[in-house]
Amino acid sequence: MRVLILKDYETVSKEAAAIVKELVTEKPDCVLGLATGSTPVGLYREMIRMHEEEGLDFSRVTTFNLDEYYGLSPEHPQSYRYFMNENLFNGINIKKENTFVPDGSVKKEAVEDSCRMYEERIKKEGGVDLQVLGIGGDGHIAFNEPGSSLASRTRLVALDEQTISDNSRFFDSSDDVPKFALSMGVGTILEAKEIIFLANGAKKADIVAAALEGPVTGMVTASALQMHPRVTAILDEDASDSLLKGSFYRFAADAGRKINKKLF
Ligand code: F6R
């Protein structure tokens, strides 16, 4: 794994955006896997700036989001579809029909089919070239809560108490946070060709260390990223604070920069 420890949130966002830009420039019809939450907002802001000021063209890009609250319609202001439109899609020249978010308004009887079709659509588009990930306070990637199978696929999941409490900041109260979601599985995520894993802030430091340096376990689903050959973790100083091998990662990142290679 390549671990980049950078000064602050803004630098993390810019580094992530540079990786996205490189891919979109090299492969204009690439497939991006996207996350919601606070972490990628700076990345999305930077992607919008690159589109506006540098003419970065998203017209042939396809996107798949990781997850959606179950029970919220796409028009709901707290839905992840709404979030993506507001924070990214409305600001770039992507075709809305090429943006996919699991449908949280699907009827109970149709959930399995809908999840299976989501996976089939990813395959039809050739798979995810670059997946953007954040990490939850309980170590989740997407909504793969502790205890998830590391081979899991897109499915209906229950949200952990900690996630409901963490995400209540976006709702009037924690009672309003949906208790279920549709989420790509860990197995789905691991099929992406490349992954960027973003974390910032002191609150994430311990769980980031558990994910990157602890055992691979379904109790911290982000730890499954250790099994993927092309992951770049981009952390700010605060989020890197509990890492045991921080100085080695800095050394390896400098060495990589000198020979202009990504050293995973
Ligand atoms: C969101 C998602 C989640 C978040 C995680 C971190 O689509 O899949 O795994 O990445 O909960 O959220 P923030 O960035 O708000 O701390």
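Just follow the structure's listing: the first ligand is 1, and inside any ligand the first atom is 1.
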Student: May I ask you to check whether Phe83 and Phe170 place their ring centers less than 6.0 Å from one another?
Tutor: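 They do not qualify: ring centres at least 6.0 Å apart.
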Student: Only counting residues at least two apart or in another chain, list the ones meeting side chain to side chain contact (heavy atoms under 4.5 Å, CB included) with Phe264.
Tutor: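 Partners of Phe264 by the side chain to side chain contact (heavy atoms under 4.5 Å, CB included) criterion, ordered by chain and then number, come out as Arg2, Glu194, Arg230, Thr232, Lys262.
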Student: Holding to salt bridge (charged side-chain N to carboxylate O under 4.0 Å, His left out), I want the full list of residues that pass it with Lys95, two or more places apart in sequence or in another chain.
Tutor: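 None.
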Student: Using distance only, find each side-chain donor-acceptor pair of residues 201-212 under 3.5 Å and give its atom names and separation, not counting sequence neighbours.
Tutor:
from, atom 1, to, atom 2, distance (Å)
Lys204, NZ, Ile135, O, 3.0
Asp206, OD1, Ser242, OG, 2.6

Student: Would you say the ring centroid of Tyr69 lies under 6.0 angstrom from that of Tyr82?
Tutor: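 Judged by ring-centre distance (under 6.0 Å), Tyr69 and Tyr82 do not meet the cut-off.
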Student: For ligand 1, what is the set of protein residues having any non-hydrogen atom at a distance below 4.0 Å?
Tutor: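 Within the 4.0 Å shell of ligand 1, which is judged on heavy atoms, sit Ala35, Thr36, Gly37, Ser38, Thr39, Leu66, Asp67, Gly134, Ile135, Gly136, His140, Ala142, Arg169, Lys204.
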Student: Strictly below 4.0 Å, N to O, side chains only: are Arg116 and Glu120 in salt-bridge contact?
Tutor: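 Salt bridge: yes.
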